[in-house]
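The chains referred to below are lettered A, B, ... by the order of the sequence lines, with proteins before strands, and numbering in each begins at 1.
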Amino acid sequence: MPPAAVSRPDVPSGTLDMLILRTLTLGSLHGYAIAQHIAKLSDGVLKVAQGSLYPALERLLNKGWVTVRWAETPTKRQARYYTISRSGRKQLDTRESDYDRVTHAIARVLGRA
Amino acid sequence: MSIVHGWMHRVYVLIRGERYAEEVRREMNFHRELDALAQGGNSLGNETYHRESVRETTVLAWLDRLERNVMYALRGLRRSPGFSATVIVTIALGVGVNATMFSLLDRLLLRPPPGVSAPNELRRVYNKPGYTVTPRGGNIVPRFGYPSFAAMQDAWRNPDANTDATAQLIAFTSADSLGLGEAGETPVRVSFVSSNFFSVLGVRPIAGRTFGTEEAAIESPTPVMVISERLWRSTFGGERAVLGRRVRIGRLNLSVVGIAPGDFAGLAESAADAWIPLNNYGGTAISGDTPWYKSYGYSLTLAARLGRAANETELTTRANTALRALASSMRGRDSADLILGSIIEARGPAEKPSEIELTTRVAAVAVIVLLLACANVASLMLTRATRRAREIAVRRALGASRTRLYEQLLTESIVLAALGGVAAVLLATWGATALQRLLFPKSHWVGALVNWRVLGFSAAVVFVAGIAMGLAPALLSTRGDVVASLRAGATERGYRRSKLGAALLGLQAALCVVLLVGAGLLVRSRANVEAIDLGIEPSRIVFSGLGVSREKQYGSDITPVLAQVSEGMRGFPGVEATALATSAPMTGISFTTMFRPNGDSMTKIAGQYPTYTNVSVEYFKVAGIRLLSGRLFTSADREGAPLVMVVSRKMARLAWPAQQALGQCVLIGKQNSPCTTVVGVVEDTHGMGVIEAPAMAYYRPLAQSAGFRAPFIVLRVNPARAAAVSTELRTRLARTFPDAPSISARPVAAMIDSQFRSWRIGADLFTAFGLLAVIVAAVGIYSTVAYGVAMRTHEIGVRMALGADVRAILNLIVSDGMMVVGSGIVVGVASALSLGRFIASLLFGVTASDAATLIGAVAILAAVAVCASLVPAWRGARVDAMVALRTE
C-alpha cells in the first residue's frame, strides 16, 4: 500500500506540478524544502509525500521544466537543488491561467460565484 | 529549450545508470532524516517503494524493460533453434545483399569525389560531337582534346562586360599504370593534370607544393610530380627527404615536389597515386608531326568549378561559341556541343559503362530479395505466433497489457533482425570487395567499401524489416477471445486458413517468379551474345601491335621488317599461318574516299563509310573469313598487275544493290585513280565490338598498296598454344625493335573477352539471386504447409477414420497450398512482364516477354512448390487415424 496521506486530503491530481513550479519561483530548493513550503503555505492541508514528490520532480526533469544540481545546504550537507527553467516558468503561467479558469468555472457551477 | 534540457537530463541518467539510482537514494535518505528530525523519529513510508516509483519515471525504467524484453526474446529463440537459425540466415542474406549493393552504389552514384573542397560547385564537362562516338551508339563522351580545353578556359576566364558568370576549368587524364623506378618495377597509377588542378579543387599538400603557374606552359615540359600520401608511405617509406628527389616513372625523369593528402584520389574513375603536369603528357604518347596539344582527340577529362554568380546555361552558350570558332579555324573538324553534368561520373549524361547499368539493376534485384526474405520471415513468425496462442492467452489472462505484449513480440522480431543484421554486415564486408573485383576489376578505389554509411543503411533496413515482420503476427495474436484460446490452444479452434499467411505465401511465389524470369532472360542473353558470329575466329587469331616513334631508323617502311618477323614465326609450334595487315581484326577501323567510274563520290554509301584493310595474301585464311563468291588474293596480285579488291557481303549489297558486285570498278583515293576491280565477296566481320552491326568493308592486297604501313602481324594459331605464341611473338618483336615505346601481342579472344564480361557476370549474379529466391520460397512453402498439416491433424484423423486414403489426403493438403502458390505465380508473371523494360538494356536477342523463359520460370517454381509441400503432406497423411484423433 502506498503510504500516502492518511487523514489529510491528497494534493488534487494534476496540480502537484504547478505547486512545485510555483514554489521553485522563490529560488533553488531541495526536495524536502519544497514539500515543507507547500505544507506550510497550505497550513498543513496539502501534504506532499515522498512517493509523489520525487516521481513528479523526475517527470519535470524529463520535460526540461526544472534543472537539478548537487549543492551544499546551510547545515553543510549535500542535497539536490532544483531550479525552475525558463520554459518551466512559461509552463507555470499557462497552468495557472488554466487552473484559474477551471476553478472559476467550478465555483460558478456550484453557485458560489 | 525545454526539449534540450529534458533530453540532456535523460542522457545524463542513461550515462550514470545505476549511479543515478544511488543519487536518488541519497536524496531520499536526506529527506527522511529531516522528516525524522521534524517529527521526532517517526519516519513515514516505505523506502523501497518510493525509490522504485521514482525509478519508474526515469529512462532507467525503459532500459530495464528493454533488457527484460530482450532477455525474454533470447530465451524464446534459444528454445526453438531451428526457427531462429532459419530466420537469422534469411535476414542475413536479404540485408547482406542489400548492404553489399548499397556500398557499391554509394561509391558509384552517391558520394562526390573525396578530399575535394565544396564538391557541389564542381561539374564534369561532357562533349557532344554530331556523330556516334561509342560502339553502342552513344553520342556523348566526357572527353575533349587540348585545343577545346584551352578555348573553353579562355571563354570562361574573360567574361563579357555585361556578365560576371565565371568558371575555372581543369583537365586531367584517366589514371593509367606506369612503371616507377629505374626498371619500372613498381606499377603506379598516374594522372596527367592541368597546372590549376590542385588549386581549383582546393587540395592542399601535406608537404611541399602542388602545381602552379610554373607548370602552366603546355609547350615546355616541367619535370615535376606530386605523389599521394599512400604512395609516399608505401614506396618512399614516409620520409620527408623524398621532396626534391628525382624519380624515373615511365619514360620520364621527374622530381617529387609535393605530397597530396591521403583522402584525395583525383577525379578519375580509378584513384591516382601520382599527378604529373599535362605538359609532360606528350612524352608518353606516340608522337606524330603535330604535337598532341594542337591536334584533336579525346584524351582529356574536364571539370569546372562554377564561380559564385555562375549561370550554367550562359556558361554553356559561351563555351559553345568558343568551340565553334575553334572548329572553323581547324579545317575539317566538326564542331561539338558542351554539356555540364554531375561531377559524379555515373550520374552524368554520357552512356554509362555496362557495369554501372548492371550494378543498378542488380541493386533493384537485391531489394526484391529483401522483400522476399521479409515475407518469408513474416510467415514463419506468423506460424510461430499462432502456435503460441495459448502462451499469449495465459499471459493476457495474468494481466499483461496489450502494449506489453506488442512490445515483447516486436522486441523478439527486432532482436532476430539485429542478429541477422550483424551476420549481414559480415557478409557485406566480404561481398562488397568480391563484387568490386568482379564488376570493376580495373578500378582502384580508396578507402573501405563498408563504412558508417553502409552500417547506417543496414541498421535502418534491419529496424524497418524487424518491425515489418513482427507487426502483423503481434497484432493478430493479441486479438481474439482470451478464454477460447486459453481453453483450446491453437488446434481446437479449428483450422481456418489465415488470409495473411496466404497473402505472404503468394507474395513469395510472385517475387520468386520475377527473379527467376530475370535470371532466365540474362542467361539467354549471354548465350545469344556468345553465339554471335563475328565473321572471324577470335580464339585462333593472335595479333601484335607496334607503337613506332622513330620509324625512320628502319627505313621509310617497316613492312618488310615485320614481314621477316612474321615469316620467322611460321615454324614456331602452334602457328598455322601468318599474315600482315593495316589493322587487325577487332582493333579498330579506317576510312578512305572512293569514286565510281563516272566520277560520283562513293565515300558515303547508304549513310555509312566503308572501312578498309590492306592485307597480305594469307590474311583471310588466318582470320577465318569465309569467301562467298569470286576469289581471294593470290601472289599474282602484285604491284603492276591489275588492281583488285575483295568486298564484304554488306558492301556488295549496299554499293551495287541492283547488280553483281564481282567485276565492278572503283576509283580509290582520287577521281583520276586507276580502276580497282572487285574480284571476290567475303562474309561480314565485326570491326570493333561484339555487339555492333557489321560495317561495310573492303580489302586490298598489301602488295598493291605502296605507301601504307602495315604494323600488324596476324597469326592463325592452335587455340591451345595461343598464349605461348603471343609470348614468343612479343619477344621477337622486342628484339627487332628495341626502341619501340610499346609492343603488344595477344589473342583476339583475350582482347574481346572484356566485352563478354558484363554479360557473363550479369547472368551469374541474376542466376545466383534466382537460386537464392527459390531456396527461400521453398522454405516458406514447406513451413506453411507443415504448419497447416499440424493444425489439421485432428481433421485428417477424422477423414481417415471415415475412409479417406493417403492419396486423397495428399491431394487435399497439396492442392490447398498450390492454390495460393498458383495465384502468386500469376501475379509474378504479370509483374515480370511489366518490369521487363527496366532490364531491357541488359538483354540481347530476347525480349522481356519471352514465352520460353516465362514458362521455364513458372515450371521451376511449380515443381519446387509441389516438392516442398509433398514432404510435410506425406508425413501428415501417414499418421495413424487413431493417434491423430487422440491428439487432444
Side-chain angles (χ1 to χ4, degrees), chain A residues 1-8 16-17 21 29-37 39-40 44 47-92 94, chain B residues 1-67 399 403 407:
Chain A
M1 271 298 293
V6 187
S7 53
R8 274 170 285 227
L16 180 58
D17 287 3
L21 288 173
L29 294 172
H30 52 69
Y32 183 76
I34 295 171
Q36 285 301 305
H37 182 82
K40 205 183 288 169
K47 171 89 182 165
V48 186
Q50 276 195 62
S52 35
L53 174 66
Y54 289 100
L57 282 168
E58 191 62 38
R59 255 196 324 272
L60 295 176
L61 281 169
N62 280 340
K63 295 218 165 116
W65 294 338
V66 300
T67 55
V68 70
R69 72 197 146 81
W70 284 95
E72 207 165 69
T73 66
T75 54
K76 303 279 174 208
R77 299 280 306 271
Q78 287 292 316
R80 291 180 91 202
Y81 274 80
Y82 294 87
T83 313
I84 188 166
S85 69
R86 198 183 304 161
S87 58
R89 284 177 197 277
K90 225 179 280 167
Q91 185 63 25
L92 178 62
T94 25
Chain B
M1 282 331 275
S2 66
I3 297 179
V4 177
H5 282 303
W7 278 107
M8 269 164 55
H9 179 69
R10 277 172 228 214
V11 169
Y12 173 78
V13 172
L14 264 186
I15 292 170
R16 297 277 292 172
E18 284 311 311
R19 279 170 303 171
Y20 185 75
E22 174 60 24
E23 273 187 43
V24 172
R25 202 183 63 77
R26 267 174 63 201
E27 177 179 32
M28 295 180 81
N29 280 345
F30 173 67
H31 188 120
R32 218 174 33 259
E33 279 171 33
L34 292 183
D35 237 5
L37 272 175
Q39 301 182 7
N42 176 16
S43 161
L44 257 180
N46 175 340
E47 186 199 338
T48 320
Y49 177 83
H50 290 334
R51 257 208 325 269
E52 278 308 307
S53 52
V54 173
R55 194 187 174 93
E56 274 299 303
T57 58
T58 65
V59 273
L60 291 179
W62 177 76
L63 268 189
D64 291 346
R65 217 158 60 229
L66 182 67
E67 191 190 331
T403 329
E407 247 175 46

Chemist: For A:Ala35, is it the side chain, the backbone, both or neither that has a heavy atom under 4.5 Å from a heavy atom of chain B?
Modeler: side chain
Chemist: State the CG-NE2 distance between A:Leu60 and B:His5, to the nearest 0.5 angstrom.
Modeler: 13.5 Å
Chemist: Which atom names give the shortest non-hydrogen contact between A:Asn62 and B:Arg10, and what distance separates them?
Modeler: O-NH2, 2.9 Å
Chemist: Got a second to check how far A:His30's NE2 is from B:His31's NE2, nearest 0.5 Å?
Modeler: 10.0 Å
Chemist: Hey, mind stepping through A:Trp70 and B:Glu23 against side chain to side chain contact (heavy atoms under 4.5 Å, CB included) and telling me if it holds?
Modeler: CA-CA 10 Å; A:Trp70 284 95; B:Glu23 273 187 43; 3.0 Å; yes
Chemist: Find the distance between CG (B:Leu34) and OG1 (A:Thr73) and round it off to the nearest 0.5 Å.
Modeler: 8.0 Å
Chemist: For the atom pair CZ (B:Arg26) and CD (A:Gln78), what is the distance rounded to the nearest 0.5 Å?
Modeler: 6.5 Å
Chemist: Could you look at A:Arg80 and say if it's the side chain, the backbone, both or neither that has a heavy atom under 4.5 Å from chain B?
Modeler: both
Chemist: How far does CE of B:Met28 sit from CD of A:Gln50, to the nearest 0.5 angstrom?
Modeler: 4.0 Å
Chemist: Applying ring pair (Phe, Tyr, Trp, His ring centres under 6.0 Å), can you list everything that pairs with A:Tyr82, at least two apart in sequence or on another chain?
Modeler: none
